[in-house]
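Read through the structure below, which is laid out as structure tokens, and then see the notes.
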Amino acid sequence: MAIAEIIWDTAAEQALGGVPLLVRGLVRHKVEERARRHGKGTVTLADFHEAEARFRAVMGGKSADELARMLPRENAPGSEMVLIEACHGTLSNCPNLLIDTTAWQRAVEDWVRESEVSERLRRRVTGDRILFHHKLRIAIAGCPNGCSRPQIAEVGLVGYVRPAVSPAECTRCGACAAACPDTAIAVNGAPPVFDPATCQGCLRCRAACPVGCITLSPPGVRVLLGGKLGRHPHLAEVVDEQTDPAAIIALLDRVVGDYIANALPEERFADYRLRARER
């Protein structure tokens, strides 16, 4: 059965012309889809504005460039297959920032380009279209707050520091333990003890210490692998901590290379990580 053609009135067509070209086709499709569901054969300006508002709400304020990267693309050489997203802490002078996300992003981008990661990933796609889930998302967060959502990315890089205390100066007041949002500090009448498995490496304990006896290690990056959403969501798991970008790049090269070489056709990175872990 043929799908009835939807007519756009002049005002609606003009409004559509103001949508960035990269996503104009997607917006047209969504507006017409909505019109058909409501039994309409013509799209009016009011229909366009209503559909546009719902579309923007669903897409969570993503830019036109971000939306374009999510659209299906022809499976052709040169297709972008690695999406790198960093938090905006460096640009906004975020007080929680622990690492220079720009420097780490540049290191990852250099690796993707020099190792031809996108092309190697593209050759795994068996169909003639590249979909969003075929791509590898790498999220870089400047602190444990994780504004770039590294927990649900295939690869997450999260800034962290390790706290240490000077026992001679510590008054055992417990202010650090009270300030810790992760209950990672025990005092119990003695100098604080930090649980490395629970500590997220933020700055709150140092800020709360009234005598300034808590110091922080040089900042590093905590590596998370295997996050995803979808039908069977899974949070990424911490696999390493490093202060040297070269060590992080070597790790990424190894795990992504293993995925490219050994994953089943159409198997997502997170699914492969889970299956490989269970072997």
Side-chain angles (χ1 to χ4, degrees), residues 82-115 117 136-167 176-177 179-186 191-209 212-227 235-258 269-270 273 277:
V82 181
L83 307 180
I84 303 172
E85 178 183 356
C87 72
H88 301 297
T90 300
L91 292 175
S92 62
N93 293 318
C94 175
N96 299 315
L97 197 67
L98 299 175
I99 60 170
D100 180 359
T101 54
T102 302
W104 286 90
Q105 181 174 351
R106 189 179 302 116
V108 173
E109 289 172 342
D110 289 345
W111 163 68
V112 169
R113 183 183 64 257
E114 293 167 5
S115 298
V117 179
L136 186 78
R137 179 170 169 261
I138 301 177
I140 305 171
C143 77
N145 289 333
C147 294
S148 57
R149 299 174 294 176
Q151 300 87 352
I152 56 173
E154 284 83 1
V155 177
L157 304 180
V158 182
Y160 81 98
V161 290
R162 287 290 186 204
V165 64
S166 172
C176 57
C180 179
D182 304 301
T183 61
I185 305 174
V193 175
F194 300 88
D195 179 2
T198 307
C199 175
Q200 294 294 305
C202 66
L203 305 174
R204 296 191 189 183
C205 58
R206 185 183 67 171
C209 180
C213 69
I214 295 177
T215 58
L216 304 174
S217 69
V221 162
R222 184 173 285 128
V223 184
L224 291 72
L225 295 178
L235 291 180
E237 299 172 340
V238 177
V239 299
D240 201 2
E241 294 177 351
Q242 295 286 346
T243 58
D244 181 8
I248 296 293
I249 296 305
L251 171 63
L252 295 185
D253 198 58
R254 184 170 67 253
V255 297
V256 174
D258 176 60
F269 180 84
R273 292 283 306 175
R277 187 182 62 182

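The residues of the chain are indexed from 1 along the displayed sequence. Worth knowing before you read on, the calculation uses all heavy atoms, side chains too, and leaves out hydrogens, waters and symmetry mates. Fair warning: this is a prediction, and the values are worked out from it, not measured in the lab.
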If only atom types and distance count, is the side chain of Glu85 paired as donor or acceptor with the main-chain N or O of Ala139 below 3.5 Å? no
Side-chain donor or acceptor of Ser166 paired with backbone N/O of Cys213 under 3.5 Å: no
Below 3.5 Å, can you tabulate the donor-acceptor pairs from side chains in residues 235-251 to any protein atom, sequence neighbours excluded?
residue, atom, partner, partner atom, Å
Glu237, OE1, Arg277, NH1, 2.8
Glu237, OE2, Arg277, NH1, 2.5
Asp240, OD2, Gln242, NE2, 3.1
Glu241, OE1, Arg162, NH2, 3.1
Glu241, OE2, Arg162, NH2, 2.9
Glu241, OE2, Arg222, NE, 3.0
Glu241, OE2, Arg222, NH2, 3.1
Asp244, OD1, Ala246, N, 3.1

Rounded to the nearest 0.5 Å, what separates atom SG in Cys176 from atom CZ in Phe194? 5.5 Å
Is any side-chain heavy atom of Val256 less than 4.5 Å from a side-chain heavy atom of Glu154? no
Residues Leu98 and Pro144: closest non-hydrogen pair is CD1-CD, 3.8 Å
Contacts of Gln105 that satisfy side chain to side chain donor-acceptor pair (under 3.5 Å) - sequence neighbours left out: Glu109
CZ on Arg204 to CG on Asp182, rounded to 0.5 Å: 8.0 Å
Between Val161 and Ser217, does a side chain to side chain contact (heavy atoms under 4.5 Å, CB included) hold up when you go through it step by step? CA-CA 5 Å; Val161 290; Ser217 69; 4.1 Å; yes
Pair Ile84, Ile140 - check side chain to side chain contact (heavy atoms under 4.5 Å, CB included), show working. CA-CA 8 Å; Ile84 303 172; Ile140 305 171; 4.1 Å; yes
Starting at SG of Cys202, measure out to CG of Leu216 and round the result to the nearest 0.5 Å. 9.0 Å
Sorted by chain and number, sequence neighbours left out, side chain to side chain donor-acceptor pair (under 3.5 Å) with Thr101 holds for Thr90
Working to the nearest 0.5 Å, report the span between CG of Asn145 and SG of Cys87. 9.5 Å
Distance, nearest 0.5 Å, that separates CG of Leu252 from CH2 of Trp111: 5.0 Å
Looking at every non-hydrogen atom in both residues, tell me the closest pair between Cys143 and Val158 and how far apart they are. O-CG1, 3.4 Å
Test log, rule side chain to side chain contact (heavy atoms under 4.5 Å, CB included), inputs Leu83 and Ile138: CA-CA 6 Å; Leu83 307 180; Ile138 301 177; over 6 Å; no
Dump the intermediate steps for side chain to side chain contact (heavy atoms under 4.5 Å, CB included) on Leu157 and Val108, then the final yes or no. CA-CA 10 Å; Leu157 304 180; Val108 173; 3.9 Å; yes
Any heavy-atom pair between the side chains of Val165 and Cys205 that's under 4.5 Å? no
Side chains of Val155 and Leu225, heavy atoms from C-beta outward: is any pair under 4.5 Å? yes
Can you give me the closest heavy-atom contact between Gly142 and Leu97, atom names plus distance? CA-CD1, 3.7 Å
